[in-house]
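Take this structure, written in structure tokens, and hold onto it; I'll ask about it next.
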Amino acid sequence: MQVISRSMTPKAERTTSLQPSAFDTLSEPVRRWIWQRNWPSLRDVQEKAIPVILAGGDVVISARTAAGKTEAAFLPLLTRYAEHAGSADGFAILYVSPLKALINDQHRRLEGLCEGSGVLLHKWHGDVSADAKTRARKRPSGVVLITPESLEALLVRRGVEVAHMFSRLDAVVIDELHAFIGTERGMQLQSILNRIEVATARDRIDRIGLSATLGDMSLAAEALRPGKGASVTIVEGKDEGNGVRLQIRGYLLDGTAPGDLTATADDRDPPGKPPEPFEPSTVPAALASDLFRLLRGQSNLLFAGSRANVEVYADMLRSMCDEASFPNEFFPHHGNLARAMREEVEARLRDDPRPTTAVATTTLELGIDIGEVETIAQIGPGFSVASLRQRLGRSGRRAGKPAALRMFVIEPPIGKGRHPIDRLRLDLVQSIAMVECLRAGWCEPPLPAGLHLSTLLHQVMALIVQTGGVSPTVAWNLLCERGPFQAVDRTLFAELLRCMATPENRLLEQSPQGLLMIGETGEKITESYEFYAVFATEREYRIIHDARTLGTYPLSSPVACGETIIFAGRRWQVSEIDDRARVIMVKPTRAGKPPHFNGKGAAVHDHVVATMRAVLASDEAYPYLDPAANRLLDEARSSFLDLQLDSRSVIAHGEGVLIFPWVGTMKLQTLTLALLAREFKASHFGHAIELQECEAGKTLETLQDIADSPAPDGKELAARLAQPALAKFDTFLSDHLMTLVTMVERISAKDLPLIAANALGIDTTHEVA
DNA sequence: GACCTGCTGCGGCGTG
């Protein structure tokens with residue numbers, strides 16, 4: 001394996017106990033607890049965070065996984081608690097986590113510390129008994145570990161008790177803050193925290209966000225305290241990692257060595273044939289045997305990219321173990337697998353000495369405790385540099401061991417006649433670009449806030465139920481003016497309220513006094529336990545074998561009785577389907593294909609695509625490529641020159657034209673819509689736009705015209721985009737409101753002239769802002 | 001060309 005950097009970041013300097021330390025400023029019981037742990041010293045991030053949190057105010061603590069962020073927040077907060085002297089007059093510290101599993105981990109971690117400090121510690125999520133919640137609610141005190149949804153339920157169902165329960169609240173800790181930024185769930189959490197401050201008549205309750213290190217931490221600060229990010233203190237821990245070992249390995253889809261063009265028969269392919277997305281089940285033989293050889297015998301994470309691919313690779317590697325008469329050590333892990341099965345894999349990784357490779361989707365990227373793994377493997381380039389960084393942080397945590405990551409990239413065989421997109425080896429080039437971005441310390445900044453009207457609609461109803469009724473002005477002031485929906489002005493808010501009150505929607509009514517009340521349909525929605533979450537979920541079947549639930553399967557991808565599927569890493573035949581109970585019964589069999597899950601499409605950032613062009617245009621050698629990947633890169637670069645993409649971005653191809661604007665997915669989408677609006681047969685894939693039955697001259701003219709025209713307002717472009725209801729309550733929005741959401745969140749019309757200029761190749765070194 | 005996350009109140013029944 002190649003070493004790109006022996007230590008990407010400097011090793012932590014050891015603090016000795018002789019130096020003056022933040023330790024001395026902590027309360028006696030907290031110091032005693034640390035002393036009992038036998039810690040040689042506080043970690044870097046803890047030394048830095050303790051004085052800041054003791055001083056009060058909003059704080060973002062950023063550091064890698066397992067750097068001790070939780071203690072960095074709780075050691076000083078429990079010290080603060082000791083000074084206030086605990087009382088049963090309200091909860092003192094609220095900890096919010098995106099995952100129930102994380103709450104269970106943190107409860108274990110904080111139990112002794114809280115006990116030593118005489119502070120009650122409550123777990124509060126859907127798996128916790130109603131009885132325990134009632135007891136905590138009747139005598140509110142100490143620390144509560146809770147999910148956003150349980151917190152929403154508490155506010156909605158116990159609105160009158162909110163002021164009392166939280167009147168003494170000293171601070172809110174938000175774990176995995178980065179996972180909330182720019183999402184519907186993040187908007188909901190910000191809104192809930194704001195509602196608590198208003199209900200308790202507090203101007204501000206300290207917020208402490210725990211985050212992975214992002215490119216620009218000021219955006220995390222803004223997410224912690226919307227509109228007042230500048231007042232948030234940012235504490236960044238040193239990366240206490242041991243460097244990174246990284247390799248990109250290349251494979252050809254049919255198993256022939258890259259560069260061995262004679263082994264393929266591509267010249268027969270018609271020139272206009274678009275590249276075919278390969279079936280997830282196609283794994284090159286060389287890749288299969290390399291994965292088996294490199295991963296077996298130690299513990300690893302293999303990120304396979306999709307749930308279908310997780311099934312294929314887990315099943316394949318398990319049967320390779322069977323054939324070699326080895327015990328199996330490859331196990332699937334994804335969101336549709338039964339919780340019990342996923343917990344078995346997590347426990348085996350954490351507690352079992354036997355080597356274990358979890359074949360996973362993004363489920364194992366977050367902070368769930370799985371202990372130490374030796375290497376990380378990934379199929380394909382993935383979709384973001386941020387996720388690559390998170391994955392890397394999952395290995396190399398043991399002293400002296402560097403993080404190790406291998407990316408396995410599959411490219412189709414090519415010949416002269418193949419499609420330019422195949423010839424450019426864009427998956428390999430994207431993998432290199434992502435690694436180069438990572439080496440440069442860049443990663444995707446969080447998305448700027450959208451309108452989030454679906455979630456605002458939800459918060460209007462939640463606020464009404466919590467308070468028993470509010471006036472439109474009070475609701476706007478609370479949710480939009482001082483709350484997180486700051487992109488929504490009074491006029492737009494009024495339009496949303498009218499839309500909610502239509503005879504079709506019946507979510508709202510207005511009392512003769514002008515108070516907003518819940519309408520007939522609104523009653524049904526807010527009374528259901530499904531109300532509390534703001535993200536949309538698919539309806540699903542349960543897959544059962546021998547009374548054991550293996551997992552769930554989307555209703556939208558039906559399977560037939562007798563059909564064979566790969567699920568939970570094994571092969572099954574569907575023996576019975578009960579549509580009313582929504583249950584699929586299966587029995588073991590020998591054959592099978594992976595199930596079909598619906599994805600919603602990925603968005604690659606502008607900077608990554610700009611870096612891809614730079615990789616193609618340069619002759620820099622990358623020490624982390626294996627020989628096959630090097631040959632693929634050579635092919636890509638000679639195709640790039642061959643197609644003259646170094647000096648132009650529009651090329652004729654077959655009966656049509658290809659445009660390479662070298663911009664991210666959202667801008668590529670926007671230019672495609674603008675071309676559709678001008679009657680072109682346009683579609684985008686693989687970082688390019690294809691125009692059918694069209695010539696290069698006319699394309700250049702049109703691009704020039706778009707580049708020279710003022711940016712459109714986007715309404716017309718948004719109306720062209722198919723607008724499926726993406727967010728949970730989008731179905732209640734009028735066409736006009738839905739178009740506004742699309743305009744703001746899914747296209748970038750204001751950049752259109754610059755995008756077209758880029759596509760003309762006027763100035764390809766200039767990155768569109 | 002993708003992934004992930006969450007859930008109350010109450011009626012009915014069995015048991016100590």
Side-chain angles (χ1 to χ4, degrees), chain A residues 96-103 124-134 137 146-159 175-176 178-180 182-186 188-189 192 274-280 303-310 333-337 339 342 360-368 378-384 386-388 390-391 409-410 421 426-427 430-431 458 462 465 525-538 540 552 554 596-604 608-609 664-665 668-669 683-688 726 728:
Chain A
V96 186
S97 155
L99 297 177
K100 289 188 288 189
L102 217 49
I103 288 177
W124 193 307
H125 59 63
D127 299 344
V128 173
S129 72
D131 180 50
K133 292 175 196 165
T134 307
R137 194 164 52 76
I146 197 165
T147 60
E149 288 73 18
S150 281
L151 193 52
E152 181 71 87
L154 190 56
L155 262 63
V156 165
R157 298 286 162 232
R158 310 285 166 189
D175 206 353
E176 310 269 8
H178 56 276
F180 287 112
T183 67
E184 300 296 343
R185 215 176 171 205
Q188 177 190 28
L189 178 56
I192 288 173
E276 279 171 30
F278 49 85
E279 286 291 306
F303 289 102
S306 69
R307 287 165 288 187
N309 261 349
V310 163
H333 193 285
H334 62 71
N336 282 75
L337 285 178
R339 185 171 295 278
R342 285 155 59 177
T361 56
T362 55
T363 41
L364 289 181
E365 253 175 48
L366 280 165
I368 306 169
Q378 173 174 309
I379 309 295
F383 297 90
S384 76
S387 124
L388 192 61
Q390 286 272 100
R391 291 173 182 187
V409 184
I410 308 168
I421 286 184
L426 293 180
D427 266 8
Q430 188 177 330
S431 303
H458 176 270
V465 180
I525 292 171
T526 55
E527 274 166 18
S528 160
Y529 84 121
E530 292 174 337
F531 175 63
Y532 313 109
V534 292
F535 52 87
T537 41
E538 268 201 284
E540 291 170 325
T552 58
H596 179 259
F597 295 99
N598 295 320
K600 283 246 159 64
V604 181
V608 172
V609 187
T665 313
L668 197 66
Q669 163 102 287
S683 56
H684 66 92
F685 59 90
H687 306 298
L726 289 175
K728 187 173 176 184

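All figures in this text were calculated on a predicted structure; none of them were measured in a lab.
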For A:Gln378, all residues meeting side-chain hydrogen bond (donor to acceptor under 3.5 Å, both in side chains), sequence neighbours excluded: A:Arg391
What residues, two or more places apart in sequence or in another chain, satisfy side chain to side chain contact (heavy atoms under 4.5 Å, CB included) together with A:Val534? A:Glu184, A:Gln188, A:Thr455, A:His458
Sugar-phosphate or base contact per nucleotide [nucleotides 3-16 of chain B; S, B, -; heavy atom under 4.0 Å]: SSBBBBS-------
With heavy atoms under 4.0 Å as the rule, sort A:His687 into base, sugar-phosphate or nothing. base
Contacts of A:Arg307 meeting side-chain hydrogen bond (donor to acceptor under 3.5 Å, both in side chains) (sequence neighbours excluded), chain-then-number -> A:Asn336
Once side-chain hydrogen bond (donor to acceptor under 3.5 Å, both in side chains) is applied, do any residues pair with A:Arg157, and if so which ones, sequence neighbours excluded? A:Tyr532
Looking at residues at least two apart in the chain, or sitting in another chain, which of them share a salt bridge (Lys or Arg N to Asp or Glu O under 4.0 Å) with A:Lys100? A:Asp127
Contact class for A:Glu176 (heavy atom, under 4.0 Å): base, sugar-phosphate, or nothing? nothing
